[in-house]
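Below is one structure, written out as structure tokens; comments come after it.
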Amino acid sequence: MKIAVLVKQVPDSDEIRMDPEKGTMIREGTGNIVNPLDLNALEAGFVLRGKYGGEVYVISMGPPQADIALREALALGADHACLVSDKFFAGADSWATSLVLAKTIEKLGPFDLILAGEKATDGETGQVGPEVAAMLDIPFSTYVSSIELCDGGIEVRRTIEEGYQTQYMALPCLITVLNDINEPGMPTLSLKKKARRAEIKIFNSEELGVSKEEAGLAGSPTRVVKIYHPKISRQTSFYSGREIDEGLEHVVEILRDLAVL
Amino acid sequence: MLRNLTESKGVFVCGEVRRGKIHSVTMELIGKARELADKKNTDVTCILFCGDLAEVPEILFSYGAERILLIKHEKLTYFNQEITAKLLSFIIKKYKPEIVLAPATSEGRTYLPAVAAMVHTGLTADCTGLDIDPENGLLLQTRPAIGGNVMATIKTPEYVPQMATVRPKTFRIPSPSEFCGEVIIPEIPDNIFESRIKVMEMEYNSANATNIQDKDIVISGGKGLKKQENFSLIYELAELLGGGIGASRPTVEAKWISYPHQVGLSGKVVSPKFYLAAGISGAVQHLAGMQTANKIVAVNKDPDAPIFKVADVALCGEIIDIIPRLIARIRKEMN
Ligand SMILES: Cc1cc2nc3c(=O)[nH]c(=O)nc-3n(C[C@H](O)[C@H](O)[C@H](O)COP(=O)(O)OP(=O)(O)OC[C@H]3O[C@@H](n4cnc5c(N)ncnc54)[C@H](O)[C@@H]3O)c2cc1C
Ligand SMILES: Nc1ncnc2c1ncn2[C@@H]1O[C@H](COP(=O)(O)O)[C@@H](O)[C@H]1O
């Protein structure tokens, strides 16, 4: 099987701190990590490779330092890594990101399977997977928590609001995964060493055949026009020790107001 | 589609039908679409894709839709993203709406992005605010980002339709008013119902395991419960109030409770009327999933726990002492 995994580098949200006064986020000095769900996608690729053989390619669109995320994927066991990076790619929304990723997949492919995370922790759109699939005109499935190969196709179990849905798709296809699909592994020392020295292919817009107008901010149908920090101001009534009974009374009052009691 | 090459008009809402019943998010979206359409002096169309419909679609007129596009087909009984995406793209190309709104449910979040790619337009995910720019009539789409700590307002200036998925329970269902409108059954080419995806099987959760995003009350437990057995306190309180059960990530990782219960950045975003967090510290990733709840009560023994900063009522002390007392107090109230 030839498998591609889409991996995004995101800010480390464990390091995100809030400014208690302004209710804003302090982003200075935060590190970058591989989007956690993408590690699950990667692991799913390794499991399939282990069972059926083949190779796992990791693909990321991002600034030059996204190289670090790709080396992490190599240290975990990926066979090849490819970074798509160009100053014209900056500011891409999910449409423009998907276009670049779809072109990269076409260039490196054909692949039997493409894996992605259900959503990334920074943009949180969850749109890139389905958009890439639609651009490649291949079937796709989302919210997947298990993958099984059978009858030359793939059977997936999706975790949705009302329970679970099982779907069957022909290959090639694209799947976005949830974190209950597996436990991502740890890098080994020897792979880490190899990853450090590995050559990472870098493609720019010209090599991909993507025009400046189609990519990045210029190619994005959406525009962020305003960013603000919401202030959720609550009057906290604090109860401890002997005041707890009073606090319980307050809770009951709230429930009464909400017509629950 | 580029705006200046297309004549587009009207606000379209993608309704959601689950097991033959129109889901409430459909009415929420129609209500909002009505407000937007009034500002733009245009009309509201609701698209219903379904295998079968247990209700009459006409009830949707009373929430503000003047047109319903009803597409019934056995292939739509169970969700198939490929068919639904092809269908919506077909409808967009045929009717040329200016705005398309859909629920940010697992269905909408799956087929809408494919449609955005197919018709070449923008899509704003998980909106919690929608308005019309008085200057140019564009849709202003507001959504939380980076764990709800930042709100971003987004426009789609040059492409149509302007599309957004909207979180359920964000907008109020309007009170029903006078009925009138038309139900249209559009002609759909047969090949749209062909698919490379086969839906094999559905397993439904039991009734009390309904999605916590649909619950008005959510009672959540965290690592502060100390051991799995103590989750019984959470179950007891939730059952008493008819609420759903939430959890923080470490409790899910410890397998005390299953993933569909996880609240937060990598779990579900809930916005209930009442949220109670017991033994949850209030890390930003957890807050991202619950801070928009109407009323929040937190139980924690650490007076500096960040969860208290977003709580209306902070109960500082031992869970195994406080929760049973709360249960007893509520029981007394109920009798
Ligand atoms: C990318 C990313 C995504 C994440 N996504 C999510 C997510 O979606 N949802 C999520 O929940 N987390 C998420 N997390 C994890 C999050 O950062 C926190 O680790 C987690 O929410 C903490 O869980 P907790 O509050 O249950 O446990 P702890 O941090 O251990 O806190 C337990 C709390 O209970 C209190 N306590 C202990 N004993 C008692 C007692 N006997 N009585 C009363 N109080 C007591 C303690 O004072 C403490 O405040 C994510 C992390 C990352 C990096
Ligand atoms: N710039 C990117 N490079 C590689 N993969 C990406 C990129 N952006 C998004 N993805 C993939 O798409 C998934 C969903 O991301 P998003 O739509 O941004 O929430 C991620 O989990 C990744 O697998």
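Just so we're clear, the structure is a prediction, and the values are computed from it rather than from any experiment. Sequence lines set the chain letters: A, B, ... in the order given, protein chains first and strands last, and positions in each chain run from 1.
In terms of heavy-atom pairs under 4.5 Å with chain A, the best-connected choice from B/P260, B/A125, B/G242, B/A298 is B/A125. When A/I138, A/D257, A/V128 are compared by the number of non-hydrogen pairs under 4.5 Å with chain B, A/I138 comes out ahead. Of the listed residues (A/K119, A/E131, A/M169), the greatest number of heavy-atom pairs within a distance under 4.5 Å of chain B belongs to A/E131. Of the listed residues (B/Q213, B/E82, B/R143, B/R19), the one with the most heavy-atom contacts under 4.5 Å to chain A is B/R143. Contacts with chain B were tallied for A/E249, A/E243, A/E155, A/M135; A/E249 has the most, counting heavy-atom pairs under 4.5 Å. Put simply, of B/E253, B/Q141, B/K155, B/Q162, the one with the most heavy-atom pairs under 4.5 Å next to chain A is B/K155. Heavy-atom pairs under 4.5 Å with chain A peak, among B/L326, B/T156, B/I197, at B/I197. The most heavy-atom pairs under 4.5 Å with chain B, out of A/I160, A/V132, A/D93, come from A/I160. The candidate from B/T142, B/L123, B/V297 with the greatest count of non-hydrogen atom pairs under 4.5 Å with chain A is B/L123. Chain A forms more heavy-atom pairs under 4.5 Å with one residue of B/S258, B/A293, B/S195 than with any other, namely B/A293.
Residue A/G247 comes nearest to B/V313 through the heavy atom pair O-CG1, 4.2 Å, listed as atom of the first residue, atom of the second, then distance. In plain terms, the two heavy atoms of B/A114 and A/A134 that are nearest each other are O-CB, 3.6 Å.
Classification of the B/F308-A/F238 ring pair by plane angle, with boundaries at 30° and 60°, yields perpendicular.
Only the side chain of B/D126 comes within contact range of chain A, with at least one heavy atom under 4.5 Å from a heavy atom of that chain. Contacts between B/N294 and chain A at a heavy-atom distance below 4.5 Å involve backbone atoms as well as side-chain atoms. Heavy-atom distances place the side chain of A/I254, and not its backbone, under 4.5 Å from chain B. Heavy atoms of A/L37 lying under 4.5 Å from chain B are absent altogether. Using a 4.5 Å cut-off between heavy atoms, A/L261 touches chain B through its side chain atoms alone. If you measure heavy-atom distances from B/I217 to chain A, the contacts under 4.5 Å come from the side chain alone. At a 4.5 Å heavy-atom cutoff, the contact between A/V252 and chain B is made by side-chain atoms alone. When heavy atoms are compared at a cutoff of 4.5 Å, A/T159 approaches chain B solely by way of its side chain, counted from C-beta outward. Heavy-atom distances place no part of A/I154 under 4.5 Å from chain B, backbone and side chain included.
Listed for the A/Q165 side chain is a donor-acceptor partner under 3.5 Å among the backbone atoms of B/F79. Between the side chain of A/R234 and the main chain of B/V310, a donor-acceptor pair closer than 3.5 Å is present. Although no hydrogens or angles enter the test, the distance criterion places a donor-acceptor pair under 3.5 Å between the side chain of A/T236 and the main chain of B/A311.
In this structure, OG1 in A/T222 is found 11.5 Å from CE in B/M163, a value given to the nearest 0.5 Å. In this structure, the separation between CD on A/E162 and CE on B/M202 is 5.5 Å, given to the nearest 0.5 Å. Remark: B/H120 NE2 to A/E214 CD distance equals 8.0 Å, nearest 0.5 Å. Atom CG of A/L255 sits about 9.0 Å away from atom CD of B/E333, to the nearest 0.5 Å. Atom CG of A/D180 sits about 9.5 Å away from atom CD of B/Q262, to the nearest 0.5 Å. Taking NZ of B/K198 as the start and CD of A/Q167 as the end, the distance is 12.0 Å to the nearest 0.5 Å.
Residues forming a side-chain contact (heavy atoms from CB on, under 4.5 Å) with A/F88 (at least two apart in sequence, or on another chain): A/D86, A/S205, A/K212.
Counting heavy atoms from C-beta on, the side chains of B/T153 and A/Y228 come closer than 4.5 Å. The shortest distance between side-chain heavy atoms of B/P157 and A/R223 falls below 4.5 Å. For the pair A/D137 and B/R196, the minimum side-chain heavy-atom distance is below 4.5 Å. Between A/L178 and B/Y259 the shortest side-chain heavy-atom distance falls below 4.5 Å. At least one side-chain heavy atom of A/L248 sits under 4.5 Å from a side-chain heavy atom of B/L315. No side-chain heavy atom of B/E107 sits under 4.5 Å from any side-chain heavy atom of A/E161. With a 4.5 Å cut-off on side-chain heavy atoms, A/K226 and B/L140 do not count as touching. Side-chain atoms of A/R158 and B/V199, non-hydrogen and from C-beta on, never get closer than 4.5 Å to each other.
The one candidate from B/I322, B/D321, B/V299 that meets the side chain to side chain contact (heavy atoms under 4.5 Å, CB included) condition with A/I244 is B/I322.
In summary, A/D245 and B/R325 engage in a salt bridge, as defined by a charged side-chain N under 4.0 Å from a carboxylate O. Here A/E118 pairs with B/R109 in a salt bridge; the nearest charged N to carboxylate O distance falls below 4.0 Å.
The local environment of CE in B/M334 is crowded, with over 12 non-hydrogen atoms from other residues, nucleotides or ligands closer than 6.0 Å.
Using a 4.5 Å cut-off between non-hydrogen atoms, the part of residues 139-152 of chain A that approaches chain B consists of A/P139, A/F140, A/S141, A/T142, A/Y143.
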